[in-house]
Amino acid sequence: PSNILAPTALGAGAQHTCSLAASDGRLQCWGDDTYGQASEAPSGAYSLLACGDHHGCAVRTSDGAVVCWGRNADGEATPPANLGDSAPQLLAAGGRTSCVLVQNVPRCWGADEHGQVSTPTQVDTYKSLAVGADFACATSSSGAIRCWGSNAQGQSAPPTARLYTSVAAGVMHACGA
């Protein structure tokens with residue numbers, strides 16, 4: 001679309017994309033709209049943005065609340081009410097799952113048939129967060145990548161021979177840098 005404001009962040013789902021305008025934090029989405037993922041983005045100013053297959057989530061600047069829209073058949077667009085008093089530090093979404101990092105604790109919601117909502121119990125400081133189709137990973141301050149959920153393609157078993165600063169997830173794979 002030609003009317004997209006210069007973005008500070010982009011999120012891509014299976015067939016839709018959203019941007020976070022650098023000028024005012026406004027959300028703009030386009031593409032497939034079967035579940036309202038392109039037309040129902042909330043108004044207001046936001047600071048973080050992530051998109052799953054058919055949903056999006058963002059952190060509202062005014063109060064730090066996580067707001068989601070689009071497909072919600074597995075609860076992926078319904079953040080838990082008990083995320084705490086602090087605004088999320090990180091936000092990630094993939095497949096039918098969404099995750100945030102609040103006070104260095106990853107919290108996920110949505111589809112959980114492979115344990116992708118069952119976050120790690122290790123206490124750590126996390127620097128990055130990524131969600132794939134049915135798994136999620138976070139990079140700890142010690143440089144380790146911790147993953148949970150499906151490991152059908154080895155996506156939740158990162159190499160341990162090196163230290164990482166970030167992690168990204170695709171549908172059935174993850175990459176660390």
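Bear in mind that the values here come from a model prediction, so they are computed numbers and not experimental data. Just so it is clear, the values below take in all heavy atoms, side chains as well, and ignore hydrogens, waters and symmetry mates.
A disulfide bridge connects Cys18 to Cys29: their SG atoms sit within less than 2.5 Å of one another.
No side-chain heavy atom of Leu20 sits less than 4.5 Å from a side-chain heavy atom of Pro7. The side-chain heavy atoms of Ser19 and Thr17, taken from C-beta on, include no pair separated by under 4.5 Å. Val100 has its side chain within reach of Trp109: a pair of non-hydrogen atoms, C-beta onward, lies under 4.5 Å apart. Tyr126 is listed as a side-chain neighbour of Pro106, based on a closest heavy-atom distance under 4.5 Å.
Listed by first and then second residue, the side-chain hydrogen bond (donor to acceptor under 3.5 Å, both in side chains) pairs that reach into residues 78-91 are Asn72-Thr78, Asn82-Arg107, Ser86-Gln103, Gln89-Asn104, sequence neighbours excluded.
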Test log, rule side-chain contact (heavy atoms from CB on, under 4.5 Å), inputs Asp53 and Gln15
CA-CA 7 Å; Asp53 279 357; Gln15 297 174 337; over 6 Å; no
Would you please test Asp32 and His54 for side-chain contact (heavy atoms from CB on, under 4.5 Å) and show each step?
CA-CA 8 Å; Asp32 179 62; His54 303 288; 4.3 Å; yes
Mind running side-chain contact (heavy atoms from CB on, under 4.5 Å) on Leu5 and Asp24 for me, showing each step along the way?
CA-CA 9 Å; Leu5 300 172; Asp24 60 6; 4.3 Å; yes
Step by step, work out the disulfide (SG to SG under 2.5 Å) result for Cys57 and Cys68.
CA-CA 4 Å; Cys57 294; Cys68 300; 2.1 Å; yes
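Minimum interatomic distance between Ala9 and Leu49 (heavy atoms only, all atoms of both residues): O-CD2, 4.0 Å. In terms of heavy-atom proximity, Ala87 sits nearest to Gly64 at CB-CA, 3.7 Å. When all heavy atoms of Ser39 and Asp33 are compared, the pair lying nearest together is OG-OD2, 2.8 Å. The two residues Ala92 and Val131 come nearest to each other via the heavy atoms CB-CG2, 3.7 Å. The shortest heavy-atom contact between Trp148 and Arg146 is CZ3-O, 3.4 Å. Between Gln155 and Cys147, the closest heavy-atom pair is O-SG, 4.0 Å.
Distance CZ/Phe135 to NE2/His114: 11.5 Å, rounded to 0.5 Å. A distance of 6.5 Å separates NZ of Lys127 from OG of Ser141, quoted to the nearest 0.5 Å. For the atom pair OG (Ser156) and NE2 (His173), the distance works out to 12.5 Å, reported to the nearest 0.5 Å. The NE2 atom of His16 sits 12.0 Å away from the OH atom of Tyr35 when rounded to the nearest 0.5 Å. Remark: Ile145 CD1 to Ser140 OG distance equals 9.0 Å, nearest 0.5 Å. Note that OG1 of Thr8 is 14.0 Å distant from CZ of Arg26, once rounded to the nearest 0.5 Å.
By the criterion of side-chain heavy atoms lying less than 4.5 angstrom apart, applied directly or through intervening Ile, Leu, Val, Met, Phe, Trp or Tyr residues, Leu48 is not grouped with Tyr46; the two fall into different hydrophobic clusters. Hydrophobic clustering, with ILVMFWY side chains joined whenever heavy atoms are under 4.5 angstrom apart, keeps Leu91 apart from Val67. Both Leu83 and Val59 belong to a single network of hydrophobic side chains, linked directly or stepwise wherever heavy atoms of I, L, V, M, F, W or Y lie under 4.5 Å apart. A single hydrophobic cluster is not seen to contain both Leu27 and Trp30; linkage of ILVMFWY side chains at heavy-atom distances under 4.5 Å, directly or through other members, places them apart.
For the side chain to side chain donor-acceptor pair (under 3.5 Å) with Glu76, the qualifying choice from Arg71, His55, Arg96 is Arg71, the only one to do so.
If you check the side chains of Thr139 and Ser128, you find a donor sitting under 3.5 Å from an acceptor.
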